[in-house]
Amino acid sequence: MKLLLTSAGISNKSIEQAFYALLDKPVSETKVAYIPTAANVEMDDKSWLINDYANLNGRGFAQIDIVDISAIPQKLWQPRLEKAHVLFFGGGNTFHLKYWIEKSGLQKHLPELLKTRVWAGISAGSMVAGRSLASKNDQIFAEDMGEVANTRGLGYVDFSLKPHYHSAYFPGVNDENLAKAATDLDTKLYALDDQSAIVVNGDKFEVVSEGQWKEFN
């Protein structure tokens, strides 16, 4: 399985090169499906989402499709995801994203899809791939869980992740809160700033960073 788990997308040359190295074909032949579902319940300004779209646009991909799995039925989203070489899960509310991955039926298809495709995530789109989304001592994001009954992630990687480390927009992502959250987890917890990413390629694991990151547990 190949995953690029980022805090803020392809934010620097190091992350860009690591992402391209995961691809099985040139960028000019690579099709991307961007799943913006996590952003649907976020209030107020969405300039960050526009920036995420813009960050992908212009890189020379063969195609960038936007596939909201909460807005269209499986008969429409499934063939579009199957045509893509990269499934790019955007940021927003992690629990909302998890809910729709389950409710839409996508969770059943992801293991097969990810045999030949790259999972790329931004913020919530990275967190949801991990073992746990939150813990009882977690005061970092205080996300609304909506209709999600538990804090388990999809478990595609054997660790948990918190994005936006040391970000002025997310003051809760600090060492004190991260250390508290980690005490309830039976896995490692990685905090990534917006210039950092985790790259998983089969059994290979690497933190790629031009900024700051920290491992807890």
Side-chain angles (χ1 to χ4, degrees), residues 1-25 27 30 32-36 38-39 48-49 51-61 64 84-94 97-98 101 110 114 117-133 140-141 153-170 172-175 178 181-182 185 187-217:
M1 191 175 290
K2 297 180 179 181
L3 303 97
L4 177 76
L5 306 177
T6 79
S7 177
I10 306 171
S11 55
N12 58 54
K13 283 292 183 182
S14 297
I15 295 174
E16 179 182 48
Q17 291 171 3
F19 173 54
Y20 291 164
L22 291 175
L23 304 178
D24 292 329
K25 49 177 55 40
V27 173
T30 299
V32 176
Y34 188 96
I35 296 94
W48 55 269
L49 180 60
N51 290 337
D52 290 342
Y53 288 149
N55 190 24
L56 285 179
N57 193 33
R59 292 185 178 274
F61 291 113
I64 302 175
H85 306 112
V86 179
L87 307 183
F88 219 116
F89 291 81
N93 184 295
T94 316
L97 176 58
K98 181 193 174 189
I101 288 175
L110 277 171
L114 293 175
R117 292 163 183 81
V118 176
W119 174 300
I122 300 174
S123 193
S126 297
M127 289 174 62
V128 75
R131 281 271 300 276
S132 179
L133 308 183
I140 297 172
F141 292 120
L154 298 175
Y156 294 143
V157 291
D158 194 28
F159 56 83
S160 301
L161 183 151
K162 294 294 184 186
H164 310 305
Y165 186 43
H166 290 320
S167 169
Y169 297 102
F170 299 92
V173 193
N174 57 57
D175 287 342
L178 288 162
L185 301 177
T187 64
K188 290 183 179 180
L189 173 64
Y190 289 92
L192 304 177
D193 76 355
D194 288 353
Q195 298 299 318
S196 303
I198 290 175
V199 180
V200 177
N201 188 351
D203 59 358
K204 296 179 181 179
F205 169 95
E206 181 184 10
V207 178
V208 176
S209 179
E210 293 185 15
Q212 295 182 326
W213 64 278
K214 191 168 182 178
E215 176 186 316
F216 294 82
N217 284 352

Donor-acceptor check, side chain of Ser7 to backbone of Ser123, threshold 3.5 angstrom: yes or no? no
Does Ile122 form a side-chain contact (heavy atoms from CB on, under 4.5 Å) with Phe88? I'd like the steps, not just the answer. CA-CA 8 Å; Ile122 300 174; Phe88 219 116; 3.5 Å; yes
Set out, in order, the CA-CA distance, both residues' side-chain angles and the distance that settles side-chain contact (heavy atoms from CB on, under 4.5 Å) for Asp194 and Tyr169, then state yes or no. CA-CA 11 Å; Asp194 288 353; Tyr169 297 102; 6.0 Å; no
With respect to Phe19, which candidate in Val208, Val27, Val86 satisfies the side chain to side chain contact (heavy atoms under 4.5 Å, CB included) definition? Val86
Atom pair CZ/CG of Phe159 and Leu5 - distance to nearest 0.5 Å: 5.5 Å
Closest approach of Ala39 and Trp48, non-hydrogen atoms and distance? CB-CH2, 3.6 Å
For Ala8 against Asp52, the heavy-atom pair lying closest together: O-OD1, 4.5 Å
Can you name the closest pair of heavy atoms from Leu178 and Ala191 and give their distance? CD1-CB, 3.6 Å
Just so I know, are the side chains of Val157 and Ile198 near enough to count as touching, which here means a heavy-atom distance under 4.5 Å? no
Test item: Lys162 side-chain N/O and Leu133 main-chain N/O as donor-acceptor pair under 3.5 Å: yes
Shortest non-hydrogen pair, Met1 vs Tyr156, comes out as SD-CB, 3.7 Å
Measure across Leu4 and Ala197 and return the closest heavy-atom pair with its distance rounded to 0.1 Å. CD1-CB, 4.3 Å
With the side chain counted from C-beta on, respond yes when Phe61 and His85 share a heavy-atom pair under 4.5 Å apart, and no when they do not. no
What distance do Leu97 atom CG and Leu154 atom CG have between them, rounded to the nearest 0.5 Å? 7.5 Å
What distance do Leu192 atom CG and Ser209 atom OG have between them, rounded to the nearest 0.5 Å? 8.0 Å
Is a donor on one side and an acceptor on the other found under 3.5 Å between the side chain of Arg117 and the backbone of Ala84? yes
Polar side-chain atom of Thr94 near backbone of Val128 as donor-acceptor pair, under 3.5 Å: no
Find the distance between CG (Leu110) and CG (Leu87) and round it off to the nearest 0.5 Å. 7.0 Å
What distance do Lys214 atom NZ and Leu189 atom CG have between them, rounded to the nearest 0.5 Å? 11.0 Å
Measure up the Phe205 and Tyr190 rings against each other and bin them: parallel (under 30°), tilted (30 to 60°), perpendicular (over 60°). tilted
Considering only heavy atoms from C-beta outward, does the side chain of Leu56 approach that of Ile10 to under 4.5 Å? yes
Side-chain touch Val32/Arg59, heavy atoms, less than 4.5 angstrom: no
Check whether any side-chain N or O of Asp193 sits under 3.5 Å from a backbone N or O of Ser196 as a donor-acceptor pair, and report yes or no. yes
With a 3.5 Å distance limit and no angle check, can you tell me whether Asn217 reaches the backbone of Thr187 through a side-chain donor-acceptor pair? yes
Just by distance, do the side chain of Ser132 and the backbone of Ser160 share a donor-acceptor pair under 3.5 Å? no
In the structure I gave you, are the side-chain heavy atoms of Phe216 and Asp175 within less than 4.5 Å of one another anywhere? yes
Glu215 and Val207: CA distance, side-chain angles, deciding distance, side-chain contact (heavy atoms from CB on, under 4.5 Å) verdict: CA-CA 10 Å; Glu215 176 186 316; Val207 178; over 6 Å; no
Assign the ring pair Trp119 / Phe89 to parallel, tilted or perpendicular, where the plane angle (0 to 90°) is split at 30° and 60°. parallel
Look only at the side chain of Ser14 and the backbone of Glu210, and say whether a donor-acceptor pair between them is shorter than 3.5 Å. no
I need the Lys2 NZ to Lys204 NZ distance, nearest 0.5 Å. 10.5 Å
Nearest heavy-atom approach of Tyr53 to Pro36 is OH-CB, 3.4 Å
